[in-house]
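Have a look at the structure below before the remarks.
If you're wondering where the values come from, they're calculated on a predicted model, not measured in any experiment.
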Amino acid sequence: MNREYHKMWSDKLQRDMELLVFGHAGAKVLVFPTRDGRFDEYEKLGMVKALQHKIDQGWLQLYCIDAVYAESFYCWWAHPSGRIRRHITFEEYVLEEVIPFMDSKNPHECIISHGLSLGAFHAATIAFRHPQLFKKMVAFSGRYDLTLNVECFNDLLDGFYNDDVYFHTPSHFLPNLECSNLLSKLKEMDIILVIGNEDPFLQNNQELSSILTKKGIPHQLILWNERAHSGYYWRRMAPLYI
């Protein structure tokens, strides 16, 4: 299997960013890590091995990127307005630096947005905001409203709310989305949400699914038994849905 390590300076983030590429051809999978993960997490969790057959066959090429959670949503010393601004800058990094890099290496027309846990939030948010760029979105164990307080998971913005938060919270901005072009692209996208039936954010997933249904956006909400929020489950989900 082709494996490439890249470390590149990001003008957007004003820091070095690392990523791993797996595979030589096929649909490009943009992989966002979990809250505690980095660019090498997907490989360490055994997710790459779980997809090896599809990668070796040239059906998939993975781009596992780094995140800036300690500078955005988990930067507790920063004001929440600064946290969401750093997240927005990260999204700009992905749009303006990572995706062009992916396109330069692989001309395949299909990009799949994919993430685990908090990475699922990133995968869904960027795909719902920019559906013209993605053919598919696959989110495992996601939380799509970071302002919620559920179990031990706190509001990551400490009650702060502004337009930036609104437009980067799928379950907030999607109900009011009226742009016919964006809705058309969303309806063309293959959208898969996977969540455990004991996951604390099951209700949030069900609410998002209801919103998509009301908008006429085809999608799948797939429930697994138990909490299903770990590598053990994600390794089994990946070959089925990606």
Could you give me the CA-CA distance, side-chain angles and deciding distance for Y232 and W234, then say whether ring-ring contact (aromatic ring centres under 6.0 Å, His included) is met? CA-CA 6 Å; Y232 172 82; W234 297 332; over 10 Å; no
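- No side-chain heavy atom of V194 sits less than 4.5 Å from a side-chain heavy atom of Y233.
- Here the side chain of R129 pairs no donor or acceptor atom with the backbone of H168 at under 3.5 angstrom.
- In this structure a side-chain-to-backbone donor-acceptor pair under 3.5 Å is present from R143 to L148.
- Linking ILVMFWY residues whenever their side-chain heavy atoms come closer than 4.5 Å, directly or via other members, leaves Y63 and M1 in distinct clusters.
- I195 is listed as a side-chain neighbour of L223, based on a closest heavy-atom distance under 4.5 Å.
- Screening Y74, W77, W76 for a side chain to side chain contact (heavy atoms under 4.5 Å, CB included) with R83, the sole residue that qualifies is W76.
- Using a 4.5 Å heavy-atom threshold, the side chains of F101 and I65 count as separate.
- Side chain to side chain, E97 and S10 meet the donor-acceptor criterion of an N or O pair below 3.5 Å.
- Between the side chain of N162 and the backbone N or O of V165, at least one donor-acceptor pair lies under 3.5 Å.
- In this structure a side-chain-to-backbone donor-acceptor pair under 3.5 Å is present from Y69 to P33.
- Here the options are F128, Y161, F167, the test is ring pair (Phe, Tyr, Trp, His ring centres under 6.0 Å), and the partner is H172; only Y161 passes.
- For H219 (side chain) and I217 (main-chain N/O), a donor-acceptor pair under 3.5 Å exists by modelled atom type.
- Between the side chain of T213 and the backbone N or O of S209, at least one donor-acceptor pair lies under 3.5 Å.
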With a cut-off of 3.5 Å and sequence neighbours excluded, list every side-chain donor-acceptor pair involving residues 53-60.
unit_1, atom_1, unit_2, atom_2, d
K54, NZ, P239, O, 2.9
K54, NZ, I242, O, 2.6
D56, OD2, Q52, NE2, 3.3

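- Using modelled atom types, one finds no donor on one side chain facing an acceptor on the other under 3.5 Å when comparing H24 with N2.
- Using modelled atom types, no side-chain atom of D158 and backbone atom of F160 make a donor-acceptor pair closer than 3.5 Å.
- A salt bridge links R38 with E18; the closest basic N to acidic carboxylate O contact falls under 4.0 Å.
- Of the possible donor and acceptor atoms, one in the side chain of H114 sits under 3.5 Å from a partner among the backbone N and O of V138.
- Cluster membership check: I99 shares its hydrophobic cluster with M189, using side-chain heavy-atom separations under 4.5 Å among Ile, Leu, Val, Met, Phe, Trp and Tyr.
- Applying the salt bridge (charged side-chain N to carboxylate O under 4.0 Å, His left out) criterion to R236, with sequence neighbours excluded, gives no partner residue.
- Among the candidates D103, I112, V21, the single residue satisfying the side chain to side chain contact (heavy atoms under 4.5 Å, CB included) test with K28 is D103.
- Counting only heavy atoms from C-beta outward, the side chains of D199 and F201 approach each other to under 4.5 Å.
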Would you sort out whether I192 and M237 count as a side chain to side chain contact (heavy atoms under 4.5 Å, CB included), showing the intermediate values? CA-CA 11 Å; I192 301 176; M237 295 173 185; over 6 Å; no
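- Two residues are said to be in side-chain contact when any heavy atoms from C-beta on lie closer than 4.5 Å; L118 and L146 meet this criterion.
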Side chains of residues 175-187: which donor-acceptor partners sit under 3.5 Å, not counting sequence neighbours?
unit_1, atom_1, unit_2, atom_2, d
N176, ND2, Y166, OH, 2.9
E178, OE2, K215, NZ, 3.3

Step by step, work out the salt bridge (Lys or Arg N to Asp or Glu O under 4.0 Å) result for R227 and E151. CA-CA 13 Å; R227 200 175 181 99; E151 283 191 357; 2.9 Å; yes
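- The shortest distance between side-chain heavy atoms of I84 and F73 falls below 4.5 Å.
- For the pair M17 and F90, the minimum side-chain heavy-atom distance is below 4.5 Å.
- Here H122 contributes atom NE2 and E91 contributes atom CD; the two are 9.5 Å apart, rounded to the nearest 0.5 Å.
- Contact annotation: the side chain of M47 never approaches that of F22 to less than 4.5 Å [non-hydrogen atoms, C-beta and beyond].
- In summary, the side chains of D36 and T34 do not present any donor paired with an acceptor at a separation below 3.5 Å, with no hydrogens or angles considered.
- Of the possible polar contacts, one joining the N205 side chain to the G142 backbone as a donor-acceptor pair under 3.5 Å is found.
- Proximity of a side-chain donor or acceptor of S141 to a complementary backbone N or O of A228 within less than 3.5 Å is detected.
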